[in-house]
*Asks:* 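Take a look at this one; I'll ask things after.
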Protein chains: 2
Amino acid sequence: MAPKRSIATVCLSGTLPDKLEAAASAGFDEVEIFENDLLTFEGSAAEAGRLAADLGLGISLFQPFRDFEAMPDPQRARNLDRAERKFDTMQALGAEMILVCSNTQAAALPEPERAAADLREMAERAARRGLRVGYEALAWGRHVNRWRQAWDIVRQADHPALGLILDSFHTLALGDDLAGLSATVPAEKLFFVQLADAPRLSMDPLSWSRHFRSFPGQGELPVPAFLREVLAAGYAGPLSLEVFNDEFRTAPARRIARDGHRSLIWLDEQAGAASLPALPRLDGVAFIEFAVDEAARAQLADFIARLGFRRAGLHRSKAVELWRQGGANIVLNAEPDSAASERFEMVGPCVCAMALRVDDAARTVARAEALLCPVWHERIGEGERRIPALRAPDGTLIYLVQAPEEGGAPHWEADFHLEPSKGASGDFLGIDHVAQALAPGLMDSFALFYRAVFGLTAAAPWDLPDPYGLVHSRAFTSEGGVRLPLNVSESSRTGTGRFVTAFAGAGVHHVAFASPDAAASAAAAIGARAPLLDIPSNYYEDLEARFGLEGMMTEALKARQLLFDRDEAGDFLHAYTHAFDDRFFFEIVERRGGYAGFGAANAAVRMAAQRRQRTGH
Amino acid sequence: MAPKRSIATVCLSGTLPDKLEAAASAGFDEVEIFENDLLTFEGSAAEAGRLAADLGLGISLFQPFRDFEAMPDPQRARNLDRAERKFDTMQALGAEMILVCSNTQAAALPEPERAAADLREMAERAARRGLRVGYEALAWGRHVNRWRQAWDIVRQADHPALGLILDSFHTLALGDDLAGLSATVPAEKLFFVQLADAPRLSMDPLSWSRHFRSFPGQGELPVPAFLREVLAAGYAGPLSLEVFNDEFRTAPARRIARDGHRSLIWLDEQAGAASLPALPRLDGVAFIEFAVDEAARAQLADFIARLGFRRAGLHRSKAVELWRQGGANIVLNAEPDSAASERFEMVGPCVCAMALRVDDAARTVARAEALLCPVWHERIGEGERRIPALRAPDGTLIYLVQAPEEGGAPHWEADFHLEPSKGASGDFLGIDHVAQALAPGLMDSFALFYRAVFGLTAAAPWDLPDPYGLVHSRAFTSEGGVRLPLNVSESSRTGTGRFVTAFAGAGVHHVAFASPDAAASAAAAIGARAPLLDIPSNYYEDLEARFGLEGMMTEALKARQLLFDRDEAGDFLHAYTHAFDDRFFFEIVERRGGYAGFGAANAAVRMAAQRRQRTGH
C-alpha cells in the first residue's frame, strides 16, 4: 500500500478551515495540525477534529511541543503538566501523535540520560491515553541537533509509545544524511517522517528553516536520497510536508496544496517508491503562438517580417497563420471564441502558447495527469489533429508536439495549407529560449512544474540589475535544447514588474531565435529596418578592456547593436528588438562553442536601454 | 573644513542622470561613479562628467576595478591593458581616483609581494596621467580580506599614487575593527573611506553585502566607532556612502539620497566630528490627532467614549475637539481647509498627527532642520500658539509639545476652551504605544528618522504571523516612554498590507492606551459595549499550559477578552478593539514590572481574530 500523504497546516495560508479545505481538495490523506492554527481557531479542538474528519482528512500529528526534555526542576514538573494539557487537546482533536522537538533553551541540561528519562515519563503518560510521542532533532537544538543523538535518547528511554521523527530539512541543512539508518533504527521506532527541500543558502539554519523551506523538487537538497534511506529502513507511515515559507504563507492555499501533492508524487518516483510514465525526451521548441486580433496580427506580422519571417501557411479552418524563419516557427492566432481570443481579450497581444517537441505526446500527457496537471482540449475542425496540451501554472498552454518520422513533416503542420516558400526562408536554427516573467511568489510553482513534468534542470539563480530594482532569474533547461529562463521582480517599477502587472501575473516576456551567424542576422534585420535596441558606446569600450577584443571586432558588434559574452566553453553574441507595443520583445542569439548562459552580464545594459526606448530618455 | 560628502551611484535607482540629479538635490558634494552606471549611460564618459559638473558634483571615485592583482601571466599583462583603458575613461569622465578591490579569482596567487608589484606598476601608470589608485580589502577577497593585509601590500608597493581605501562594511562584517589604524597608516596613505551599515544577519558576507547594506544609523554595525578611528588617523578626504540594497534600488532616488545625506550628518555627530542641537528628552505621547469630517467625528467620538473618553475641550477657533481619558488625549480634527482635511480627503478617517512631549521644542526643531527634515507650519488663529511640527517620512505630522512647568497645564491646551470634567475622567495613564504600518521599503527611512531626530533605539526585529503572510515588526522606543512599533508586510493580503494599500503607503494602524488595571479597564469597556476583539477559547487553554496560570486567572482574562504575555521582567495584559470602520484600532495595555515588549507572542491570535471580525468567518 502506498504511504499516506500528509501536509502540515503551517505550509498553507489562511485560517484553519481554509487550510483543511485546501489540503482536502488537493487530495491529501492527512494533515499535521500546527498548534498556532488551533489557537487562532475560534471553535474547540473537538470541532477542529470534526472539520477535518468531515473533509476526509486524518490527523497525522499534533505539533510542535517545544523545550521539554532535560530541564532542571521546577520546569521539569511544569513541562509534564504542560504535556498533560496538550494530551487533553489531542484527545479532543483526534490526534494520536505529538512531535517533541529537541530543546533550544539555554537552561537545558547537556545530559542525554535526563532527556531519556523525561521522554520516557512523557511517553508513559501518553500511553495511558493511547497516545504516542515522537522526538525530533532540531538543527538548532541546544544539545541535540542530529538524528543519531535523538535516536540514542529514544533508544535509552526504551518506551513503546516513544519513537523517532525524521525531518529532511533538519538533517540535510547540517550537511548530514541518513547513512546507517536501516542498520541502527528498527522500523517500528521510526514514528514519523517530515519532508522539506530548500535552496542552498549560507545562513543560520534557524532563519533558513523559518523563511526559505520549499517542497521537495523546488529546492536543492538531496531529498530523494533521504527518502530512499527512510524507505529502506522499513518506514511505512505517512510522508508529510512541513514547510515554512514566506511566499507560501501569502499565496492562495489551494495552489500551494496542489504543488505540495505534486511534489510528493514526484518524490515517490525519484526515490524509487512508485513509477510514473517516463519523462519525455525533449527536442526544442516547435513553435510559439501569439494571441492577436486582426489589427495586432498585421502589426506583429510586419514586426517579425523584419526579422526575416515569412508567412508559410494558413490554418485549414481557423483565423490562424504560420510564420517561419528557417527552423523557427511563429503562429499568429486571431481566431474568435478560442483560448487565444480569451487571453487576448484579457491582456491584448501576447504569447498564449508554446509547443515543445517530445518523443511521445500521449506518454507526456499521462505523466502530467499523474502529476495533477490540468490537460487542455481545444475544439478542432473536421479532419484536424488535436494537439495535446497542458496548462502551465500561469495558464499558458504548452502544446506537446510529437517529433516527426525521420525526414517527415511534423504532424501539426497538417492543419495548415502550407504556402510555397516566397524567396529566402531565413537561416534561424530554431527557438533558442523563451523567457517568462512571473509575479512574486510564482517561481517555486513553476520550478516544480518544469522539473517534475519535463525533467528540466535549474541553473543557479542570478540577479539582473534593472535600473529600478533587481530581477531574480533562474533558467530551466533540458538536454534537448529547451531553455526557459524565469524572471521575478519584487518591484513593480522594473521591466519585469511592469510586464507582470500588465499581464495579469505571468507570461512570456521574450523569445530568442538561434542564429548560425548573429552578425549576418543582425545586419539583415537592420537592413529591413527591424527596431533593434540601441546599445551605448561605453558598453563597447568596456568590452575591449574586459575581453581584450580587437577594435575591429567591437566596431563590428557595435555597428550591429550586438552584445557579447564569454564563458569557459565559448562565446555568445546577441541583439534585442524594441518591445512590441510596450509588451514582449525578441532576441537574436548565436552560441559559439558550448556557451551555456543567457548573457546575464549584459542584462544591466539591455534593461537600461529598454527603459530609454520606452520612456524616450 | 568639514569633510566632503559623497555617495556612490549604486545606492540610487534609475539611470545615471536620475542618480546625479538626486545626489545633487540632496546636497551631496561628490559622487562615486559605479562603472555599470556609466556602461548603461547612452552618452560618452565626457558627457557624464559634464552632467555631474553642471549639477555642481565632483567625482570622488571611479569603481570598481576587480580581480587585478597577483594574477599569473598572461592575465597580468591583460589586466594592465585593462587598467589603461579605464584610465582613458576616467580622464574623459574627470575622475582622479580608481578603486581596486582585492582579487576574488581562484587563479589569484597567494603572494603579497606580487600583488604589491602589480599595484605599484598600475599606480606608476596612473601617476603618468595624474591619476591615483586606491586598494581595498573585500570581505570575500581570495587572499586579502582584512584592511591590515591590504595595507601591508600598499606599504610594500610604496608608490605615492597608491593608497588604502577603507570600507566600514568590509571591516565590520568580519567582526574586525580599525584598532591600530592611526599608529600604522600615515594619513596621506588613507586615500578614501566608504561607509555602510547593515543589520546583523548570519549569512555569507557576499550575499549580505550585495542585498542588505544600509546607510549608517539604519543598521546595527558600529559605524560611528569606525569613523572615529578614521578621523583619529588624520583622514580628511570625502566620506562616501556605498550601499547595495534591494529596496534602495527600487525606491525613489530623491528619498534615498536625502536619507543618505541625513545619515552622514547624524554619523558626524555620533563620531564626534560635528555637533548638532542636542537630542530632545522625551516624555511620552501628549496626544493623537485624527482627521475626521462631521459624520466620522460623531462615530469616532462614540467609539472612544466606550473606552471611557470624554470631551474635555473645544478649540477656540477651529472645528477641533479634545477628548480625554485620564492621562490619554485624543484630538478630533474636522476643520476644513487644514492639513487634517487634506489627509481626510485622501484616505478618510485616519491619524493625521501625533504629539511628542519634549523638553525643548525649539531645540528639537533646530535639530530636525539640521538633519534635513521638513518642518511644518499650520495656520493659527489670533492669540493661539503655534505648535512646532515635523513631517515624518510618510507625511504624518509630529507635533513637538514642550513639557509644562511643574504643576502647570501644557501650553497647547490653551488653544481649547476646556470643559469642566463630566463625571469620571478615566484612569488611563497615557498613550503606551503608537503602531504604524509602512509600505515595503519604508522601514529604513523611518528607522533613520526616529533614530537621528529623536534618539529612539530599535528593538530586535520580530516576525508576526498574519494568516495571510508575515508582518515584519521593529519597535523604536525611548527612555521617556515613547514606543513606536513599525510594521511592514510584503504581502497585500495581510492586515498590515491591506491597511498600507488603502492608506496610501503608511499610517498609524493602532493606538494603545496604558491602563493601571487592564482587567478593570476591559471590564468597563465591555460594560460600555465597546467592541472588544473576541479571543478563541483555545488560546486560554494554551495559556494555562504555557505559563502554569491558575484556572481562575485565565477565566478572568477570558471573560475580559484579555491576552497575556510574560518576559523576564514582568507580565503584560492587553485587549484590542475591533477596527474602526475597517481602519485603525485601539488597545488597552497593562505593563506589570518591567515588561518591555508588545505581546508579539499573541499577534497570531490577534490577527486571525481581526480577520474573522472583518470577514465574518
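In what follows, every chain begins at residue 1, and chains take the letters A, B, ... in the order their sequences are listed. Treat the numbers as computed from the prediction; the structure is a model and nothing was measured. All heavy atoms count here, side chains included; hydrogens, waters and symmetry mates do not.
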*Asks:* Looking at chain B, which one of A:D542, A:T250, A:D534 has the largest number of heavy-atom pairs inside 4.5 Å, strictly under?
*Replies:* A:T250
*Asks:* Determine the option with the most heavy-atom pairs under 4.5 angstrom with chain B, choosing from A:M203, A:R82, A:E42, A:R85.
*Replies:* A:E42
*Asks:* Side chain to side chain contact (heavy atoms under 4.5 Å, CB included), that's the test. Do A:I256 and A:N245 meet it? Break it down for me.
*Replies:* CA-CA 11 Å; A:I256 299 299; A:N245 179 297; over 6 Å; no
*Asks:* Which residue out of B:S44, B:S202, B:G469 racks up the most heavy-atom pairs below 4.5 Å with chain A?
*Replies:* B:S202
*Asks:* Is it the case that B:R249 places NZ or CZ above or below the six-membered ring of A:Y468, under 6.0 angstrom from the centre and within 45 degrees of the axis?
*Replies:* no
*Asks:* Is the shortest heavy-atom distance from the side chain of A:Q63 to the side chain of A:I33 under 4.5 Å?
*Replies:* no
*Asks:* Output yes when B:D466 and B:R611 qualify as a salt bridge under the 4.0 Å nitrogen-oxygen rule, no when they do not.
*Replies:* no
*Asks:* So does A:A604 get a backbone contact from the side chain of B:N36, meaning a donor-acceptor N/O pair under 3.5 Å?
*Replies:* no
*Asks:* If you measure from CD on A:E544 to NZ on A:K558, what distance do you get to the nearest 0.5 Å?
*Replies:* 9.0 Å
*Asks:* A:S13, A:P465, A:G14, A:S491: which one forms the most heavy-atom pairs within less than 4.5 Å of chain B?
*Replies:* A:G14
*Asks:* By a 4.5 Å heavy-atom criterion (distance strictly below it), what part of A:D81 contacts chain B: side chain, backbone, both, or neither?
*Replies:* neither
*Asks:* Is it the side chain or the backbone of A:D37 that comes within 4.5 Å of chain B heavy atoms, both, or neither?
*Replies:* neither
*Asks:* Sort A:E84 into side chain, backbone, both or neither according to what part of it lies under 4.5 angstrom from a heavy atom of chain B.
*Replies:* neither
*Asks:* With a 4.5 angstrom heavy-atom cut-off, is it the side chain or the backbone of B:A48 that approaches chain A, or both, or neither?
*Replies:* neither
*Asks:* Measuring heavy-atom distances to chain A, does B:A609 have an atom under 4.5 Å in its side chain, in its backbone, in both, or in neither?
*Replies:* neither
*Asks:* Quick one: CE on B:M607 to CG on B:L464, what's the gap to the nearest 0.5 Å?
*Replies:* 4.5 Å
*Asks:* Only pairs of heavy atoms separated by less than 4.5 Å count here; which of B:N79, B:D18, B:L201, B:T494 has the most with chain A?
*Replies:* B:D18
*Asks:* Distance under 6.0 Å and angle within 45° of the ring axis: does B:R213 meet both against B:F244?
*Replies:* no
*Asks:* Go through the atoms of B:F41 and report whether side chain, backbone, both or neither lie under 4.5 Å from a heavy atom of chain A.
*Replies:* both
*Asks:* Given that the side chain runs from C-beta out, which part of A:K19 has a heavy atom under 4.5 Å from chain B: side chain, backbone, both or neither?
*Replies:* neither
*Asks:* For the interface with chain B, which of A:R546, A:K86, A:E541 has the highest count of heavy-atom pairs at distances below 4.5 Å?
*Replies:* A:K86
*Asks:* Please identify, among A:L206, A:T89, A:I535, A:V605, the residue contributing the most non-hydrogen atom pairs under 4.5 Å to chain B.
*Replies:* A:V605
*Asks:* Checking heavy atoms, do the side chain of A:A83, its backbone, both or neither come under 4.5 Å from chain B?
*Replies:* neither
*Asks:* Are any non-hydrogen side-chain atoms of A:T9 and A:L16 less than 4.5 angstrom apart?
*Replies:* yes
*Asks:* Taking atom CG of A:D246 and atom CZ of A:F212, what is their separation to the nearest 0.5 Å?
*Replies:* 6.5 Å
